[in-house]
Amino acid sequence: MVTAYDAAPDRLKAGPRGAKPRRRLSRRNIIVYGTLIVVSLYYLLPLYVMIVTSLKGMPEIRVGNIFAPPLEITFEPWVKAWAEACTGLNCDGLSRGFWNSVRITVPSVVISIAVASVNGYALANWRFKGADLFFTILIVGAFIPYQVMIYPIVIVLREMGVYGTLTGLVIVHTIFGMPILTLLFRNYFAGLPEELFKAARVDGAGFWTIYFKIMLPMSLPIFVVAMILQVTGIWNDFLFGVVFTRPEYYPMTVQLNNIVNSVQGVKEYNVNMAATILTGLVPLTVYFVSGRLFVRGIAAGAVKG
Amino acid sequence: MTSVSVRDLSLNFGAVTVLDKLNLDIDHGEFLVLLGSSGCGKSTLLNCIAGLLDVSDGQIFIHDRNVTWEEPKDRGIGMVFQSYALYPQMTVERNLSFGLQVAKVPQAEIDKRVKRAAEILQIQPLLKRKPSELSGGQRQRVAIGRALVRDVDVFLFDEPLSNLDAKLRSELRVEIKRLHQSLKNTMIYVTHDQIEALTLADRIAVMKSGVIQQLADPMTIYNAPENLFVAGFIGSPSMNFFRGEVEARDGRNFVRVDGVAFDVSAYPARTKLQPGQKVVLGVRPEHVKVDEPGAGDAHQAMVDIEEPMGADNLLWLTLAGQSMSVRLAGQRRYPPGSTVRLSFDMGVASIFDAASEKRL
Amino acid sequence: MTSVSVRDLSLNFGAVTVLDKLNLDIDHGEFLVLLGSSGCGKSTLLNCIAGLLDVSDGQIFIHDRNVTWEEPKDRGIGMVFQSYALYPQMTVERNLSFGLQVAKVPQAEIDKRVKRAAEILQIQPLLKRKPSELSGGQRQRVAIGRALVRDVDVFLFDEPLSNLDAKLRSELRVEIKRLHQSLKNTMIYVTHDQIEALTLADRIAVMKSGVIQQLADPMTIYNAPENLFVAGFIGSPSMNFFRGEVEARDGRNFVRVDGVAFDVSAYPARTKLQPGQKVVLGVRPEHVKVDEPGAGDAHQAMVDIEEPMGADNLLWLTLAGQSMSVRLAGQRRYPPGSTVRLSFDMGVASIFDAASEKRL
Amino acid sequence: TNATDLEVTHWWTSGGEAAAVAELAKAFDATGNKWVDGAIAGSGGTARPIMISRITGGDPMGATQFNHGRQAQELVEAGLMRDLTDLATRENWKEIVKPASLLDSCTIEGKIYCAPVNIHSWQWLWLSNAAFKQAGVPVPKNWDEFVAAAPALEKAGIVPLALGGQPWQAAGAFDVLIVAIAGKDVFENVFAKKDEEVAAGPEIAKVFKAADDARKMSKGSNVQDWNQATNLVITGKAAGQIMGDWAQGEFQLAGQKAGTDYTCLPGLGVNEVISTGGDAFYFPLLEDEEKSKAQEALASTLLKPETQVAFNLKKGSLPVRGDVDLATANDCMKKGLEILAKGNVIQGTDQLLSPDSQKQKEDLFSEFFANPSMTPEDAQKRFAEIIAAAD
Amino acid sequence: MTGRTRGSVRPNQWLRNLNAKIASIPMILTALVIFVGGTAWTVVYSFTNSKLLPRLAFVGLDQYERLWAAPRWLISIQNLAVYGFFSLVFSLVIGFVLAALMDQKIRFENTFRTIMLYPFALSFIVTGLVWQWLLNPQYGIQSIVRSLGWTSFAFDPLYNSDIVIYGILIAALWQGTGLVMCLMLAGLRGIDEDIWKAARVDGIPMWKTYVLIIIPMMRGVFITTLVIIASGIVKVYDLVVAQTSGGPGIASEVPAKYVYDYMFLAQNLGQGFAASTMMLVTVAIIIVPWAYLEFGGGRKRG
Ligand SMILES: Nc1ncnc2c1ncn2[C@@H]1O[C@H](COP(=O)(O)OP(=O)(O)OP(=O)(O)O)[C@@H](O)[C@H]1O
Ligand SMILES: Nc1ncnc2c1ncn2[C@@H]1O[C@H](COP(=O)(O)OP(=O)(O)OP(=O)(O)O)[C@@H](O)[C@H]1O
Ligand SMILES: [Mg+2]
Ligand SMILES: [Mg+2]
């Protein structure tokens, strides 16, 4: 095969070799990375203050420069926050509530997501009369301040006979997670090809089989998204954790609150900071681990409105 | 004996009526193609037969059993979708066996059927792969396999080949045809590709806005379209239409179009053409003869565009003030601007009443 | 005079080299089609020419100007995408005029160009609509319009018709052809549909894995494919291939395939065929004669499947242990099972070396 | 007998408080029962909905802390609380609880529903000796001297009066000012009798004048929490703070000594009167016999002299019975005890006003102290309205 | 039962999709019992003078009269309007801009994303405290800048009644924009690559492409984000408590805090319910018609 190149006039062959301009990208890069780094500083500044403070002793904190690095690094506050800080008579720090938090978070996250995903699935694929109405109510419900609902829910739980139990708390988390999660799942499932659903129906799969065997395996990203939202919300929840349960179930945030919120007495800021960071570690870990899936999941779920 | 029969089927989405009192009978072992442009209700009809949409009114019988309100899985149908609709997280094997497992078919039986389907469709080497690791053609084969293992008598295809490129399309078309010849079951096949319709169908139902325009075998549809819509819809490039008036002269009938008179005496009209009647004369591009010696009624025309297509050559010309196309076998070239003499074979032409658009 | 010329173009995505030292010259007013299977680098090449991808090495000239590092908008090109890429929330009119407004073209000029483009593409009635209110064909027309108003000399099309159905595809194909004839500008058109390639192109570049396999006019590509890949890629159904050995007998050359000997004496070989040479004989389905009286070298075969396609009839048969296809003009029917006599027209056949896969 | 678990909820969670609670628990456990601690930090706002939910939700705790006064009144009226009258009569609480108003606050329609445990007083002015030294003025002996010293302090770059941003601090400071400036009678007329004439009258106008001074002096405090404000005094950045006796703990923790490093002026050095607010325990009605018995045991334990001493020493508050000896109390605490002994006491506003009125008052004073454009006259008018509507 | 009769009778509408209906029971119950029932309950009791416990002692519109006479409530409403407006605008703008930057095929995307998202994981109680410090003129940013030599620099939003709500906004954005950014980024990733190419060939500048083409295409994402942000705004409480307790004075009060304070601190449930009823009515007036258009009203899937 003869290339046309050989036949081209010399002028072209010698033609100005376009220099590969590097500048084209670099100015843009300066803007992009510059902005991102400045913004990152804004995000990181409080974290810096928290970490620095958590490594100082109280006398140093009283001196007052919150930005100054610790003169003398001490891990005392961390130890104290985790294992020694007192809640009334119980002086075993956050560790006391840790397992309770796990005991609350795991079933609450699982059940709230399970319920919301099934709702979203039913709304997206098995639409029935009136479903839209309930969904609209649900979305409006997302705007109701939680506190207002405390008494009615106390009454409902009491009548159901689950007040003060873990079950009750799980129900509450499920209820309050429902609006946003259902929205997420509904949009996600609606974005999946409808033909898959039809194919499964022809194959004889029913409501639950389709959900478990077809939809669920395809929706892991959105489940991760929901999990991140719920883990963060439930893990950091304080109010429901104490209002709707009894002391043997009190989550870690009760300790956190106790450490941070003592009104009369000394505020140990270093312990506060350590406790906050410690408490945040679990959701943070979830973010780190599932960061990539997070973006992908929302992309699939939320893009269709 | 009818395999599938649809009686007075109506379907509306809210206020929109998509199907209105539609009737259709499909014989045992017949290959019926539903053909029509986008949005005419083909998929809707197929989904009704499959039980994926609740009908608003009417009945559906499969093997003389009224299945109007039965679940899809109980209707004895298999279905293949345009987008393959394979379960992405399952291997090909699982995709094939899923329905059977749901139906609690014994494992041995499942294996047997999967094996058979895989053999028929030649996808044995793919059984352990996931759909994402397959090419488009292979995916569609698996999708067909999924219908196959169900061991049902009625297959429903919803534009199974639309997502494939031309080459694959023609290959799979042959395979589906072969499959039908060997299985001899009933197939209802939705497409808007007329090549598929013509090559595959025993009978074609041409639909428009939810109404079946003509239901007949491919050659009848092709050669004797019942109305203007069917005539224009079938054939690529489209049939050339000339609107004109019937004129009787010297005992012969002509259709006069913009000053040009076409001799239509040879046309086998069902009812006698009335002079003065407004009609539409339709001639397929491949039924136009070019520069044929001895053709009596020849018309001069100039080539606008030439489209050589390898096996044949497509000419676009202007005649009687209208653009028309001509398809010539072979590779004889007519550069744009050259003049040709055209003659029409009235034996295979069509004439429609201009008002009712019905064949005359 | 070249309009677009590509010199030693290389492009890698990370470690993957998609294009490697590719050269291509396109003349003024030429319609060049880039044809190749999926993933061979067609879009990549087009994007490089458009300036949408930064080349790794090499130069691109448009009208003898080195534009390798210029912004797309400054290259004097217009581009049309497979997915239309219309701005969904803008009216058709805004879609057309948006780029010009941004470039601060005077309003009067904008109006003029939009009007002209709308006229050419016959989308005047659609100007006030949003893309979502258009059919696929109309959308693609608008997308072409968007390139048109830019008043550039080079148009780039990336599979503009792939998302359309067959009927629309053939209509728009004609329009693009017409557009080219009237505008006479350079067009580079990517497709993997060979019908489009054959009908539209002045020259076709057949690509495989980033390498141009053959660059020639459509008839040359169709009739004298340079290698096995090009031969198999062009034509639908595909060219029939028979792998065999050259045999000289009685002063005639034969290709012996599985016991059947094809007389290839009439083949216009470039280099003399050597007895014993392993070759591949290629015959297009439309170059096979069926039951033709007086054909010397005839072979018996049985019809497996028949695909009547309206204007012609496609037969699938088995010959020399191989499945092959035959395309017959007209409507003569051969039901499956019937036996036919085949003869090949060696004047338009192809023979390739089995090892190098090059045309002999 | 079997030890009965009794869950006790309270909001005493800081170091000193928890140590004090431990004393209660120890004493209770000694009775053969078991104290199950249910501490919730964050004062009433956080703890109260929890406690009320538990009680109304049908899963009550064994005992719960409230500020005695009117917070639990409705729970009592709803029949959810246990009547302690029998026990109180048996153990003669009427005699031993001093001042008597403490028990009055527990009494609803003649029945006693709570056991008071301590007295906290609000009426203290805490002064930084170092700050005055730096400004070159002597440490004031009373409020007027303090106000007079303000310009000098400001000149030295010292905030005269530290005041945290939380609303209850402003409202509390004002209550302290009423007693100090207008006297005990006016205080009682306004808060106990809800006399709006007095509230709108000239005496209170004087108090608002003083509050206006305080407002000016507190400009630049820029802290939220009360202990941050106390910290300003400790570090000498601010000269003084009006705060309850619990502030003492902060000075102690910072290693400061009363008299040398800091000075405390009860009743702002003007009217040496202190209020007798404090904490009390309420006992929800339980069905379980065993637990009911344990409740009685707890109530009785709370008022035992040993418990009172041990608890209040740790807590830094005053005992509810006059017959115990606090030899180890520090300087300021002793001042408080003396005043108590003299009977110069008033009831706290918690006891006198409904929480609703208290909250409105907080809103008013936090706005007043933060917003210099609000005139004392306007504020007084709104104050009078609140008093008029109070119940 | 033969097939003929089984299949030919139109089944009871209530029994069709039975499983879907059963599966939706939790949603239906939540919607009806909790959201509708709870709301109705709240509204009913807002006409009573319930104090510590809900009691059906009706007092007509007294609670509402008092509510609308309370300066604190009026300020709360104002603050919510200001905070809501800016929070919405800035969250969307910042979230979108960050997402757009992140979408430039940058390196370390995962790191940047995590940095922006981590505040979302931390509890309000302490992050409020940290921001309180940072914005404190004595030891926060102001003092740092002053110590660097710019002695007239003033930055004390939390202690200035006029701008305190913006100080709260700073922390709110710090907490919430990461999530918005993630949602937006996801939306951007869903945009057809060809649109970008078409815009480049048309010579449309980057920012114009975003504003005029991309954003209108991301309607769905914006709606999801809007619901999430807006529901957070209406409910904003913890952050204010942690940072300013509503101060200075009552300058940074918000409605949810009013509700909470009056319900639990003031023990005046009736007042709290009246306030929350007003909030709900406002929300409902805005949301219901929109939500029904968006999610109901016969639109096809999605
Ligand atoms: N769920 C629905 N709600 C409202 N209208 C619908 C719905 N599904 C389909 N339609 C309408 O019904 C008509 C028929 O749709 P259908 O899908 O059957 O067309 P089709 O012939 O299969 O077209 P295509 O070739 O594009 O698949 C269309 O006009 C479509 O807009
Ligand atoms: N951004 C990218 N990163 C890495 N590889 C890429 C990228 N874009 C394309 N490729 C690879 O480059 C090769 C050529 O891609 P290109 O899109 O040019 O193919 P094409 O010929 O246009 O195919 P099609 O007909 O499917 O459009 C493919 O193998 C593809 O996987
Ligand atoms: Mg369809
Ligand atoms: Mg491509």
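In the text below, chain A, chain B and the rest are named by the order of the sequence lines, each starting its count at 1. Remember, it's a predicted structure, so these values are computed and weren't measured experimentally.
Rounded to the nearest 0.5 angstrom, E:Ile228 CD1 and A:Leu183 CG are separated by 7.0 Å. Taken from CG in A:Asn29 to CD in E:Gln104, the straight-line distance is 9.5 Å, to the nearest 0.5 Å. Taken to the nearest 0.5 Å, the CD1 atom of A:Ile175 stands 4.0 Å off from the CD1 atom of E:Ile34. The distance from atom CG of E:Leu117 to atom CD1 of A:Ile228, rounded to the nearest 0.5 Å, is 7.0 Å. Here E:Met27 contributes atom CE and A:Ile137 contributes atom CD1; the two are 9.0 Å apart, rounded to the nearest 0.5 Å.
Contacts of A:Thr174 with chain E are absent, with no heavy-atom separation under 4.5 Å from either backbone or side chain. For A:Trp208, the part sitting under 4.5 Å from any heavy atom of chain E is the side chain, from C-beta outward, and nothing else. Only the side chain of A:Thr232 comes within less than 4.5 Å of a heavy atom of chain E; its backbone N, CA, C and O stay farther away. The parts of A:Val32 that come within reach of chain E are both its backbone and its side chain, each placing non-hydrogen atoms under 4.5 angstrom from that chain. Using a 4.5 Å cut-off between heavy atoms, A:Ile155 contacts chain E through its side chain alone, with no backbone atom that close. For a residue to count as touching a neighbouring chain, one of its non-hydrogen atoms must lie under 4.5 Å from one of that chain's; by this rule A:Ile171 does not touch chain E. Only the side chain of A:Ile153 has a heavy atom closer than 4.5 Å to any heavy atom of chain E.
Heavy atoms only, all atoms of each residue included: A:Pro152 and E:Trp41 are closest at CG-CE3, 3.5 Å. Considering every non-hydrogen atom in both E:Pro119 and A:Tyr43, the closest pair reads CG-CD2, 3.8 Å. Here the closest non-hydrogen pair linking A:Phe134 and E:Ala31 is O-CB, 4.0 Å. Scanning both residues, A:Val118 and E:Ala23, for their nearest heavy atoms gives CG1-CB, 3.4 Å. Heavy-atom minimum distance, E:Ser24 versus A:Asn119: CA-OD1, 3.8 Å. When all heavy atoms of E:Ala121 and A:Pro283 are compared, the pair lying nearest together is CB-CB, 3.8 Å.
Between chain A and the residues E:Ile141, E:Thr111, E:Leu280, E:Leu134, the most heavy-atom pairs under 4.5 angstrom are made by E:Leu134. Of all the listed residues (E:Ala242, E:Ala230, E:Pro54), the one sharing the greatest number of non-hydrogen pairs under 4.5 Å with chain A is E:Ala230. Annotation: maximal heavy-atom pairing with chain E below 4.5 Å, among A:Leu44, A:Thr279, A:Val115, occurs at A:Leu44. Put simply, of A:Ala122, A:Gly141, A:Ala275, A:Ala116, the one with the most heavy-atom pairs under 4.5 Å next to chain E is A:Gly141. When each of E:Thr30, E:Leu269, E:Val97 is scored by its heavy-atom pairs under 4.5 Å with chain A, the top score falls to E:Thr30. Ranking A:Pro179, A:Pro46, A:Ala131, A:Gly206 against chain E, the residue ahead of the rest is A:Pro46, based on heavy-atom pairs under 4.5 Å. When each of A:Leu47, A:Asp237, A:Val231 is checked for heavy-atom pairs under 4.5 Å with chain E, A:Leu47 comes out on top. When each of E:Val236, E:Leu122, E:Ile233, E:Asp238 is checked for heavy-atom pairs under 4.5 Å with chain A, E:Leu122 comes out on top. No other option in E:Gly140, E:Ser147, E:Ala256, E:Ala100 has as many heavy-atom pairs under 4.5 Å with chain A as E:Gly140. Heavy-atom pairs under 4.5 Å with chain A were tallied for E:Phe35, E:Tyr45, E:Phe108; the largest tally goes to E:Phe35.
Between E:Val130 and A:Tyr48, every side-chain heavy-atom pair lies at or beyond the 4.5 Å cut-off. Under the 4.5 Å side-chain criterion, counting only non-hydrogen atoms from C-beta, E:Met116 is in contact with A:Leu36. Counting only heavy atoms from C-beta outward, the side chains of E:Leu179 and A:Leu229 approach each other to under 4.5 Å. Contact of the A:Phe207 side chain with the E:Ile22 side chain is not registered, since no non-hydrogen atoms from C-beta on lie closer than 4.5 Å. In this structure, A:Ile150 and E:Met263 have side chains that are not in contact, with every pair of non-hydrogen atoms separated by 4.5 Å or more. Contact check for E:Phe120 versus A:Leu284: no side-chain heavy atoms found under the 4.5 Å cut-off.
Aromatic ring orientation, A:Tyr33 versus E:Phe112: tilted (interplanar angle from 30° to 60°).
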(request) Take E:Tyr260 and A:Leu239 through the test side-chain contact (heavy atoms from CB on, under 4.5 Å) and record every step on the way to the result. (result) CA-CA 12 Å; E:Tyr260 190 85; A:Leu239 191 65; 4.1 Å; yes
(message) Could you go through A:Tyr151 and E:Thr42, starting from their C-alpha distance and side-chain angles, then the distance that decides it, and tell me whether this counts as side-chain hydrogen bond (donor to acceptor under 3.5 Å, both in side chains)?
(response) CA-CA 9 Å; A:Tyr151 284 161; E:Thr42 303; over 6 Å; no
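The side-chain contact (heavy atoms from CB on, under 4.5 Å) test with E:Ser231 singles out one residue from A:Ile144, A:Ile139, A:Ile180, and that residue is A:Ile180.
A:Tyr42 is linked by a side chain to side chain contact (heavy atoms under 4.5 Å, CB included) to E:Trp131, E:Ile170, E:Leu173, E:Trp174, counting only residues two or more places apart in sequence or in another chain.
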